[in-house]
Amino acid sequence: MLVLRKVSQIISISAFLCVSIAAGAQTSAKAVDAEGHQWWQHAVFYEIYPRSFADSNNDGVGDLKGITSKLDYLKDLGVDAIWISPCFPSPQVDFGYDVSDYEDIDPMYGSLTDFDTMATEAKRRGIHIILDFVVNHSSDQHKWFLDSKSSRTAAHRDWYIWRDGKGPNQPPNNWTSIFGGSSWKLDPTTNQYYYHMFYAAQPDLNWRNPAVKDAMFDVTRWWYKRGVSGFRLDAVDTLFEDPQLRDNPVLPGKNAFGDPHEESKYNQKLPEVHDVLRGLRKVADEHNAVLIGETWTADIAELNKYYGEGNNELQLPMDFLFTKVDKLSPAEFRKQIAAVNSASGWPTFVISNHDIVRSYDRYGDGQHNDQIAKLMAGLYLTLRGTPIMYYGEEIGMKTTPPTRKEDVKDPIGKTGWPKEKGRDGERTPMQWDESDNAGFSQASPWLPVPPTYKTHNVADESKDPESVLSFYKKVLKLRHTNKALLDGNYTPVNENDQNVLSYLRAYKDQVVLVALNMSGAEQKVSFEMSKHGFSTAKSLAATGKSSVSGEVVTIEPYGVFIGQLTK
Ligand code: NOJ
């Protein structure tokens, strides 16, 4: 039975009329609209985990030809840029985040020729390619490291961070790896320790060495020449370490790996990182490219540092604040959106990626997950800012973690089991259709296909106008065609409502109202439109029976209403 709530809080929409539209806009010769926006401000980004997207050669692992074969799907979905997680040669200890050659493609994914074909085909469809640049560390199999470890006087010795231990079997300090254990490994060849923030197979590059900086900057130039439109910079926070290697302060308690918690005072977010980002940005600007940062910012002050003074560092520091709102709370989202909007750069919105539990499960209640998946799309795809989607999110893919330790592929799941099961659950193969292996591959995939592929897959959802996929497509289309959603400012309305998150996007005389019901009961909300020259709204996209009548919007449980205000 539907519970009808009182016609709730009357909103004031006068505020938005006087807010400047130009907030956050930038001016540049490369602007794509009258507001000075750049291409990446209009674009919708989509992260592809290449192992899991589409397998063209049926070896159980996805590849570049597979991605190329799905470009029409991505174009039709409304994607303008794909960020491909690392596809460079790699021993695959961290599934590509351990790069052994920055200027080639791992044969598992294809060849440089396949890359060029993909780039040409993507360009033909107006899709930009963003590569994942693993800046903090290389693989221990990279030729730079192999030389570095060969002797204390090797040409590349100072390309990594080598130190004597404090004493016999004592690493240089107390720093622990994000992936468990000490972040120092003793190498018997030269009897010194090297530093690794992640796995021992991922030695940290020494960014204090100008030769490292030059070589890494050249890598970006090399890919720009091949048609890449930017990079997602991996693990930006961890680029520099304290030269004196002071011990980090130890905090109470232990983590999933049994290591003491510590404050990363001396090995994360050191100010020197900003010099590097400014430099990388200069090179990017020469190519009209975008830099996305994996930046785990604790607050807006930290986020602002990554935008840089006058926006001269990262254009899209991935603000992970949203991924920490793990409940459907209008108040919490309002707070986060307001914070991001108060920052000094253009907002970036992310709800899922290859390292965290999928949004489908983080927000879903187990019963209404499909409605909630649409609700989340209605939220982050209609905000002022650039959204970065994660493959499979658009069909409501579920996190499916391994249930037995022996099935775990992600090494952190092996070392952290059972507290830390690793990240396999959010990296399962894309669900294309109902055929064997969900149409991902004819061979047994590297990770099992979740049983949900029978109900949640591209082929079936494409035919169902009520599916999660159809709703994503609808909203993405609106986002590209509606001026208010594309360029308009953001004004929250009805800010005391505990159930419905509502806001306006306004561009000149075009105003779009977005109302998102985050509760499990139907809600009726009245908006004071007439006072401001509007009488009602014309529905642009709504879930189920959500609708408008005069000034009152009725939104079904976990429903979405998006409407253009009309006279
Ligand atoms: C962040 C990446 O997203 C993650 O997958 C990887 O394991 C670490 N950086 C180390 O490169």
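Start at 1 and go down the list; that is how both ligands and their atoms are numbered. Position 1 is the first residue of the sequence, and the numbers go up from there.
Close approach of ligand 1 to Glu294 (heavy-atom distance below 4.0 Å) involves ligand atoms 1 (C), 3 (O), 9 (N). Each of the following atoms of ligand 1 lies closer than 4.0 Å to a heavy atom of Arg427: 5 (O). Taking a cut-off of under 4.0 Å to the non-hydrogen atoms of His137, the atoms of ligand 1 that pass are 10 (C), 11 (O). Of all atoms in ligand 1, numbered sequentially from 1 with element shown, those under 4.0 Å from a heavy atom of Phe179 are 7 (O). Against a heavy-atom cut-off of under 4.0 Å, His354 is close to the following atoms of ligand 1: 2 (C), 3 (O), 4 (C), 5 (O). Close approach of ligand 1 to Asp94 (heavy-atom distance below 4.0 Å) involves ligand atoms 6 (C), 7 (O), 8 (C), 10 (C), 11 (O). Of all atoms in ligand 1, listed by their number and element, those nearer than 4.0 Å to a heavy atom of Arg423 are 4 (C), 5 (O), 6 (C), 7 (O).
Under 4.0 angstrom from ligand 1, there are no non-hydrogen atoms of Glu47. Contacts of Trp296 with ligand 1, taken as heavy-atom pairs under 4.0 Å, are absent altogether. Residue-level proximity to ligand 1 for Met197 is absent, since no heavy atom of it falls below 4.0 angstrom.
For residues 198-222, the ring pair (Phe, Tyr, Trp, His ring centres under 6.0 Å) pairs, not counting sequence neighbours, are His137-Phe198, Phe179-Phe198, Phe179-Tyr199. For the ring pair (Phe, Tyr, Trp, His ring centres under 6.0 Å) condition, no pair includes a residue of residues 244-269, sequence neighbours left out.
Remark: Asp218 engages Arg221 in a salt bridge, criterion side-chain N to carboxylate O under 4.0 Å.
Of the listed options Val93, Asp355, Asp234, Asp355 places a heavy atom closest to atom 3 (O) of ligand 1.
Side-chain N/O atoms of Tyr307 and Asn312 include no donor and acceptor closer than 3.5 Å. A donor-acceptor contact closer than 3.5 angstrom links the side chains of Arg157 and Gln192.
For Tyr453 and Phe440, the distance between ring centers is not under 6.0 angstrom. Aromatic rings of Tyr380 and Phe349 (six-membered ring for Trp) have centroids beyond the 6.0 Å cut-off, not under it.
When Trp223, Tyr109, Phe115 are each tested for a ring-ring contact (aromatic ring centres under 6.0 Å, His included) with Phe88, only one passes: Trp223.
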